[in-house]
Student: 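Mind having a look at this structure? Questions to follow.
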Amino acid sequence: FLRAQTLDQKSSAVNAALGALSWAQNDLKSAAAGFKAAAEAAPVRSPRRMQYVQFKIQTGDMAGGRQVLNEILKQTPDYIPALLVLAEIAASEKKFDECSELLGKVLAQDEDNFNAMLFDARLKLAQVKVAGAVAALERMAMFYPQASQLHYELATAYLAGGDVVKGMES
């Protein structure tokens, strides 16, 4: 990769690979530099930018991850992957109103977005809106009857509402 980087220092793919290799060797400074260079060389909606965000989050830099996401969303306010990750950050910080607003933006664009619908139901559960979570998950189960994660979440919601029988069946 080093020869490839010498030939093209702005190659997003090469810098991302170097970032991943550095991270695997626990060299976080080099990994951050590689992922940042890859993100800067990539188009705004590129997975390379989201890879940099994930690196920041997984290494404990939530504020840095949020900052990169906000920069992405300034340029592309409808970019669903960035909205979903920002919603995850907001939820982890217990900023449930912000999380709900971000999920609403996703669902306004794609009302059938599985990840956003499931996350919205989880958010309702976290806010102890059990009936709303159960209703949302039951609707989803009609469309995604084979989604095991969905049925797990539905079972959890049933149990949270005190319905042990339905919880065990899901």
Side-chain angles (χ1 to χ4, degrees), residues 12-13 16 19-20 35-36 38-170:
S12 183
F35 287 127
K36 182 178 183 183
E40 289 173 349
V44 178
R45 291 179 187 265
S46 171
R48 298 272 188 241
R49 294 206 181 210
M50 296 305 296
Q51 186 179 27
Y52 182 44
V53 169
Q54 288 299 332
F55 168 77
K56 285 192 161 291
I57 292 169
Q58 290 177 3
T59 56
D61 186 4
M62 292 292 242
R66 182 183 278 275
Q67 181 182 355
V68 174
L69 288 166
N70 285 329
E71 290 168 9
I72 291 169
L73 290 169
K74 278 182 192 172
Q75 297 175 53
T76 56
D78 62 340
Y79 188 42
I80 289 176
L83 290 167
L84 287 172
V85 173
L86 197 54
E88 288 177 22
I89 292 172
S92 74
E93 295 171 344
K94 306 237 185 292
K95 296 179 180 176
F96 297 135
D97 290 340
E98 178 185 348
C99 179
S100 183
E101 180 183 328
L102 291 161
L103 291 173
K105 288 180 181 182
V106 172
L107 292 169
Q109 292 178 66
D110 179 5
E111 65 186 25
D112 295 327
N113 185 292
F114 181 85
N115 292 326
M117 291 189 305
L118 190 60
F119 195 171
D120 189 52
R122 285 185 189 139
L123 179 62
K124 284 179 174 73
L125 237 117
Q127 295 174 309
V128 196
K129 298 177 182 176
V130 177
V134 167
L137 290 165
E138 285 176 339
R139 274 191 309 276
M140 288 180 70
M142 289 188 299
F143 297 105
Y144 303 102
Q146 300 300 318
S148 62
Q149 182 64 36
L150 168 60
H151 289 283
Y152 171 82
E153 297 294 340
L154 183 56
T156 302
Y158 283 140
L159 292 174
D163 194 336
V164 176
V165 172
K166 283 187 176 179
M168 291 302 294
E169 290 173 354
S170 286

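No experiment lies behind these values; they were computed from the predicted model shown.
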Student: How close do V130 and A157 get, heavy atom to heavy atom, and via which atoms?
Tutor: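 Residues V130 and A157, closest heavy atoms: CG1-O, 3.5 Å.
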
Student: Stepwise, does the side-chain contact (heavy atoms from CB on, under 4.5 Å) test hold for L69 with L83?
Tutor: CA-CA 8 Å; L69 288 166; L83 290 167; over 6 Å; no

Student: Could you go through Y158 and E138, starting from their C-alpha distance and side-chain angles, then the distance that decides it, and tell me whether this counts as side-chain hydrogen bond (donor to acceptor under 3.5 Å, both in side chains)?
Tutor: CA-CA 10 Å; Y158 283 140; E138 285 176 339; 2.5 Å; yes

Student: With distance as the sole test, does R48 use its side chain to make a donor-acceptor pair with the main-chain N or O of A41 at under 3.5 Å?
Tutor: no

Student: Which atom names give the shortest non-hydrogen contact between L125 and A133, and what distance separates them?
Tutor: CD1-CB, 3.4 Å

Student: Calculate, to the nearest 0.5 Å, the distance between atoms CD and CD belonging to E93 and E98 respectively.
Tutor: 7.0 Å

Student: Do other residues, nucleotides or ligands put more than 12 heavy atoms under 6.0 Å from the CD atom of Q58?
Tutor: yes

Student: Strictly by ring pair (Phe, Tyr, Trp, His ring centres under 6.0 Å), give each pair with a member in residues 91-134 just once, sequence neighbours left out.
Tutor: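 Found F114-Y144.
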
Student: Given D78 and R45, is the salt bridge (charged side-chain N to carboxylate O under 4.0 Å, His left out) satisfied, shown in steps?
Tutor: CA-CA 10 Å; D78 62 340; R45 291 179 187 265; 2.5 Å; yes

Student: How far does CG of L118 sit from CD of Q149, to the nearest 0.5 angstrom?
Tutor: 6.0 Å

Student: What do you reckon, is CD of E111 surrounded by more than 12 foreign heavy atoms closer than 6.0 Å?
Tutor: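 Atom CD in E111 is not crowded, with 12 or fewer foreign heavy atoms closer than 6.0 Å.
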
Student: To the nearest 0.5 angstrom, please state how far the CG atom of D97 sits from the CD atom of Q127.
Tutor: 7.0 Å

Student: Quick one, L102 with V106, criterion side-chain contact (heavy atoms from CB on, under 4.5 Å). Give me CA distance, side-chain angles, the key distance, then yes/no.
Tutor: CA-CA 7 Å; L102 291 161; V106 172; over 6 Å; no

Student: Measure the shortest side-chain to side-chain distance between Q67 and D61 over non-hydrogen atoms and say whether it is less than 4.5 angstrom.
Tutor: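 When only atoms from C-beta onward are counted, D61 and Q67 do not touch, as no gap falls below 4.5 Å.
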
Student: Is it the case that Q75 and E71 place a side-chain donor and acceptor less than 3.5 Å from each other?
Tutor: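 No, no side-chain donor-acceptor contact under 3.5 Å.
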
Student: Keeping the roles fixed (side chain from H151, backbone from E169), state whether a donor-acceptor pair exists under 3.5 Å.
Tutor: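 Side chain of H151 to backbone of E169, a donor-acceptor pair under 3.5 Å: no, none is there.
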
Student: Distance-only, no hydrogens or angles: does the D120 side chain make a donor-acceptor pair with backbone N or O of A116 under 3.5 Å?
Tutor: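 No, because the side chain of D120 does not come within donor-acceptor range (under 3.5 Å) of the backbone of A116.
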
Student: Which distance, rounded to the nearest 0.5 Å, do you find between the CE of M50 and the CD1 of I72?
Tutor: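 The CD1 atom of I72 is 5.5 Å from CE of M50, to the nearest 0.5 Å.
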
Student: Does Y52 form a side-chain contact (heavy atoms from CB on, under 4.5 Å) with K56? I'd like the steps, not just the answer.
Tutor: CA-CA 6 Å; Y52 182 44; K56 285 192 161 291; 3.1 Å; yes

Student: Side-chain contact test, heavy atoms from C-beta onward, threshold under 4.5 Å: evaluate it for V134 versus D163 and give yes or no.
Tutor: no

Student: Evaluate side-chain contact (heavy atoms from CB on, under 4.5 Å) for N113 paired with L84, printing each intermediate quantity in order.
Tutor: CA-CA 11 Å; N113 185 292; L84 287 172; 4.3 Å; yes

Student: Counting C-beta onward and ignoring hydrogens, is there a side-chain heavy-atom pair between L107 and D112 closer than 4.5 Å?
Tutor: no

Student: Quick one: closest heavy-atom pair of A38 and S12, and the distance?
Tutor: O-OG, 2.9 Å

Student: Taking all atoms of both residues into account, what is the closest heavy-atom pair of A155 and G167, and its distance?
Tutor: CB-O, 3.3 Å

Student: What distance separates K105 NZ from L73 CG, expressed to the nearest 0.5 Å?
Tutor: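 Output value for this atom pair is 7.5 Å.
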
Student: Working to the nearest 0.5 Å, report the span between NZ of K95 and CD1 of I89.
Tutor: 10.0 Å

Student: Work out which heavy atom in L154 is nearest to a heavy atom in A141; give both atom names and the distance.
Tutor: CD2-CB, 4.4 Å

